[in-house]
Undergrad: 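This is the structure I have questions about; it appears just below.
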2 protein chains.
Amino acid sequence: MEVQIAVAKVKKYATSESGDSLEVVERPNGGLSVVLADGQSSGRGAKRVSNMVVRKVIALLAEGVRDGAAARAASDYLFTERQGKVQATLNILSADMQTRTLVVTRNNPAPVLIYTDGHLLSLDEDSTPVGIYRGTRPVVTEMPLKVGMTVVMFTDGIVHAGARYGRKMDAQALLQSLFTEAPGHAEGESAPPSAEVIAETLLQQALRLDENRPTDDISVVALQVIARDEEPRIRRMLVRLPL
Amino acid sequence: MEVQIAVAKVKKYATSESGDSLEVVERPNGGLSVVLADGQSSGRGAKRVSNMVVRKVIALLAEGVRDGAAARAASDYLFTERQGKVQATLNILSADMQTRTLVVTRNNPAPVLIYTDGHLLSLDEDSTPVGIYRGTRPVVTEMPLKVGMTVVMFTDGIVHAGARYGRKMDAQALLQSLFTEAPGHAEGESAPPSAEVIAETLLQQALRLDENRPTDDISVVALQVIARDEEPRIRRMLVRLPL
């Protein structure tokens, strides 16, 4: 079994930097976590906020703190540092090898989409960003890691893509079509689009709707569990950073 | 200009986990850093040590501390925590967008190889691992980021690959041959092998020399600066984790 994670990330048009922060970290008891935060507004100030939140979360995860507790701590921390005046959305997506589960932690109104057993689920229970209230809790969903499972999470740059031009991005429909049209699907085979294709397709659609000038920072993460086995087990990573 | 970083990582045969730790983190003033540590011995104990070192370094880098100072701090920290009884090798490889330089920080006898302007350089100045002496300093090399530049760093699993079988891994010769045999090279074009191909080739060669049962944890990192331009600028990441 192999977990594949693909990330595609772009900053709002004509800003100095993305207000979204994303880090992928190893879990001390095995597995990986992807931590994604979107700071209020955009540019340098937003970046500082999202960076602060992500840093806090990854430091706690590295100490073995569970995801939900790390999200609560990040909220209290931002609330204390900025007196409840600044918010950030926060998502944690973990492949936990200790429990062999997928853990989705949301402090974000945007849904997390999960394709499993031929069905597309939307984790869209009401969820509050971190930093503005005392005692903010995340919505945590945990399920067994299964081959074929695909999880997609994103910041609101995806949700609102095209809004300036009166267009609407429907991530759920796009994802559904990607799975339905996948080659091999008709024959009942398991040949889903790769995590890389999913992240790239969602980002490119958002860019089209935004006329290639993103009206907000956009980050997309796709995680997929595939059947691949190889000995010895090789861990791989590829990062591409435009300068 | 785009920076591409490829990582390939495998654990010693028949151990519970890799004693090498590697994290890629965003620099607060722009750019990325790859932090790689190899803890003394192997398995869980080595992992704890390398993880402690990497965590310390990335926490400091995230605060804007320069690479050399972060390496010194990590050494003093490990020396204090383990009373000078445990060592770890440490490498930091940074693409610093503030200075537009490549910064190579070594606390590792293993060389870092750099291919630039048609030449292969070996950064192999004497360098001491962190944690065993008071006041250990890293060897820091800084040079302007240039298109075509390729940097390769690794843990000693590469250096000693095949030793059990009386074979010798020559990473420098292998890298040289990859560049010499690259298609397009004969016509004087700039068509170097990708970071991904370089990391994978080095790891696969080490695995062959070790009869596919690595005698030590092996980690390889290749960083390459390429000419690619794309608007808007998209940051991408792909992680593959066997479970």
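Because the structure is predicted, anything quoted here is derived from the model rather than measured. Here is the naming used below: chain letters follow the sequence lines, and residue numbers restart at 1 for every chain.
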Undergrad: So how far is it from Lys9(A) NZ to Arg235(B) CZ, rounded to the nearest 0.5 Å?
TA: 5.0 Å
Undergrad: Is the shortest side-chain N to carboxylate O distance from Glu200(B) to Arg236(A) below 4.0 Å?
TA: yes
Undergrad: Please classify the contact between Gln204(A) and chain B as side chain, backbone, both or neither, with a heavy-atom cut-off of under 4.5 Å.
TA: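 The side chain, not the backbone.
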Undergrad: Side chain, backbone, both or neither: which part of Met97(A) has a non-hydrogen atom closer than 4.5 Å to chain B?
TA: side chain
Undergrad: Heavy-atom distance under 4.5 Å to chain A: side chain of Ala59(B), backbone, both or neither?
TA: neither
Undergrad: Rounded to the nearest 0.5 Å, how far apart are CZ of Arg240(B) and CD of Glu2(A)?
TA: 4.5 Å
Undergrad: Taking it one step at a time, do Leu238(B) and Ile5(A) satisfy side-chain contact (heavy atoms from CB on, under 4.5 Å)?
TA: CA-CA 6 Å; Leu238(B) 195 58; Ile5(A) 299 168; over 6 Å; no
Undergrad: Check this for me: does any side-chain nitrogen of one of Glu26(A) and Lys47(B) sit under 4.0 Å from a carboxylate oxygen of the other?
TA: yes
Undergrad: Counting heavy atoms not belonging to Arg167(A), are there more than 12 under 6.0 Å from its CZ?
TA: yes
Undergrad: Sub-4.5 Å heavy-atom contacts with chain B: which residues of residues 214-230 of chain A show up?
TA: Pro214(A), Arg228(A)
Undergrad: Is any side-chain heavy atom of Glu23(A) closer than 4.5 Å to a side-chain heavy atom of Val25(B)?
TA: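 In contact.
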Undergrad: Let me know if Arg233(A) has heavy atoms under 4.5 Å from chain B in its side chain, its backbone, both or neither.
TA: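 Both parts, backbone and side chain.
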Undergrad: A quick test of your reading: do over 12 heavy atoms of other residues, nucleotides or ligands sit less than 6.0 Å from CZ of Arg66(A)?
TA: no
Undergrad: Do Met237(B) and Leu22(A) have side chains that get closer than 4.5 Å, going by heavy atoms?
TA: yes
Undergrad: Quick one: pull up CG in Leu207(B) and CD1 in Ile234(A) and give me the separation to the nearest 0.5 Å.
TA: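 Leu207(B) atom CG to Ile234(A) atom CD1 measures 5.5 Å (nearest 0.5 Å).
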Undergrad: Hey, which of Arg55(B), Arg213(B), Glu17(B) has the most heavy atom pairs under 4.5 Å with chain A?
TA: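 Maximum pair count with chain A is reached by Arg55(B).
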Undergrad: Would you say the side-chain atoms of Asn51(A) pair up with the backbone N or O of Pro28(B), donor to acceptor, closer than 3.5 Å?
TA: no
Undergrad: Check whether any side-chain heavy atom of Arg100(A) lies under 4.5 Å from a side-chain heavy atom of Leu243(B), and answer yes or no.
TA: yes
